[in-house]
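In what follows, chains carry the letters A, B, and so on, assigned in the order in which the sequence lines appear, proteins first and then strands, with residues in each chain numbered from 1. Just the heavy atoms: all of them, side chains too, but no hydrogens, waters or symmetry mates, feed the values below.
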There are 2 protein chains.
Amino acid sequence: MSLQGYLDSKPKYRMTNQRQVILEEVQKVNTHPTADEVYEMVRRRLPRISLGTVYRNLEILSTSGLILKIGPPSNQMRFDGKTDNHYHTRCVSCGRVEDAPVESFDKLEEAMQKKSNYSILGHRLEFLGICPVCRGKETSFRKNV
Amino acid sequence: MSLQGYLDSKPKYRMTNQRQVILEEVQKVNTHPTADEVYEMVRRRLPRISLGTVYRNLEILSTSGLILKIGPPSNQMRFDGKTDNHYHTRCVSCGRVEDAPVESFDKLEEAMQKKSNYSILGHRLEFLGICPVCRGKETSFRKNV
DNA sequence: CTAGGTGCAAATCATTTGCCGGGGC
DNA sequence: GCCCCGGCAAATGATTTGCACCTAG
């Protein structure tokens, strides 16, 4: 099962005009805009649109799989007492974060350094999934995601 | 240069009592607590501590490299019109997010599925670095991180 | 004495939600 | 008619900040 397949339980949205414009604007740029930036872009075409609408539609578009949400699956910061390089699993149901049982490969950074014009300082890898606890009870689904 | 090495420009912090307690509590658990949860844990030992202090010290501890901040390097959501599996670079200076010039390997998920008791649905990989634009002007450093 | 620290409350910032009139099917 | 929609403003939730006092060096 895919993440998207798992995520959209109630897909019943109409493609309205503002939705369409928001989608187009997000697809038009490659700057990975914030909600606010999308709002600004869309406003040039639909001056009366509200920020709330933009948020609502970005949410709908991303759970519909038409666009991607980058960054925090949950918007609450978490802290880790272990500072060595390691990866995490994050449960899309309850938001739980655990250490992933794999070694980190620093090869990634070397490889990336060659291909990119960034000065690479680090990388972070996170697996999304359903934790054992949540697998049983589908109820709490999407509580913290 | 390491990420930490790059990040801490002004390291002049004393290890105070509340700082120490916060550090110990975060290191004690492996639950990757939120700031609020840390607050609750610390409060059992220092009933008069304030949430503001916890936030301040978590920030200091993490920029000092004593603990790790997991999740959003910036706490603003970003959106991407491309929905195929791909990775990102994020500039620790200006917060800019771009597509990383590497293929995604789904091997990762298979491997992880075997080692973990999660139902793996996806993964996200992000490289942290300094973008070409920011490399020159050190001024704007840490604006959006 | 001075700089960093702290508690507290107020402020800020991103995001979400309730209400309500409007349009599609 | 029913339901989704969008504008608007108010609410929420996480995090930050200003202020006043305090304490270590």
Does a side-chain N-to-carboxylate-O contact under 4.0 Å join A:Arg43 and A:Glu40? yes
Plane angle bin for A:Tyr87 and A:Phe105 - parallel if under 30°, tilted between 30 and 60°, otherwise perpendicular: tilted
Close side-chain approach of B:Thr53 to B:Tyr39, heavy-atom, < 4.5 Å: no
What is the separation between atom CG on B:Asn17 and atom P on C:dT6, rounded to the nearest whole Å? 9 Å
Along nucleotides 7-15 of chain C, 5' to 3', which nucleotides get a B, which get an S, and which get a -, given that the test is a protein heavy-atom distance under 4.0 Å? BB-----SB
Which whole-number value in Å describes the distance from B:Glu59 CD to C:dG5 P? 13 Å
Show the distances under 3.5 angstrom between N or O atoms of the protein and N or O atoms of nucleotides 1-4 of chain D.
{"unit_1": "D:dC4", "atom_1": "O2", "unit_2": "A:Arg14", "atom_2": "NH2", "d": "3.4"}

Which whole-number value in Å describes the distance from B:Leu58 CG to C:dT6 P? 12 Å
Flag the pair A:Lys69 and A:Glu59 as a salt bridge only when some basic side-chain nitrogen lies within less than 4.0 angstrom of an acidic carboxylate oxygen. yes
Residue pair A:Gln113 / A:Tyr118, side-chain heavy-atom distance below 4.5 Å: no
Would you say B:Lys115 and A:Val102 make side-chain contact, with heavy atoms under 4.5 Å? yes
Assess whether a salt bridge exists between A:Glu25 and A:Arg44, defined as any Lys/Arg side-chain N lying under 4.0 Å from an Asp/Glu carboxylate O. no
Should A:Asn57 be listed as having a side-chain N or O under 4.0 Å from OP1 or OP2 of D:dG6? yes
Parallel, tilted or perpendicular, as decided by the 30° and 60° cut-offs, for the rings of B:His88 and A:His32: perpendicular
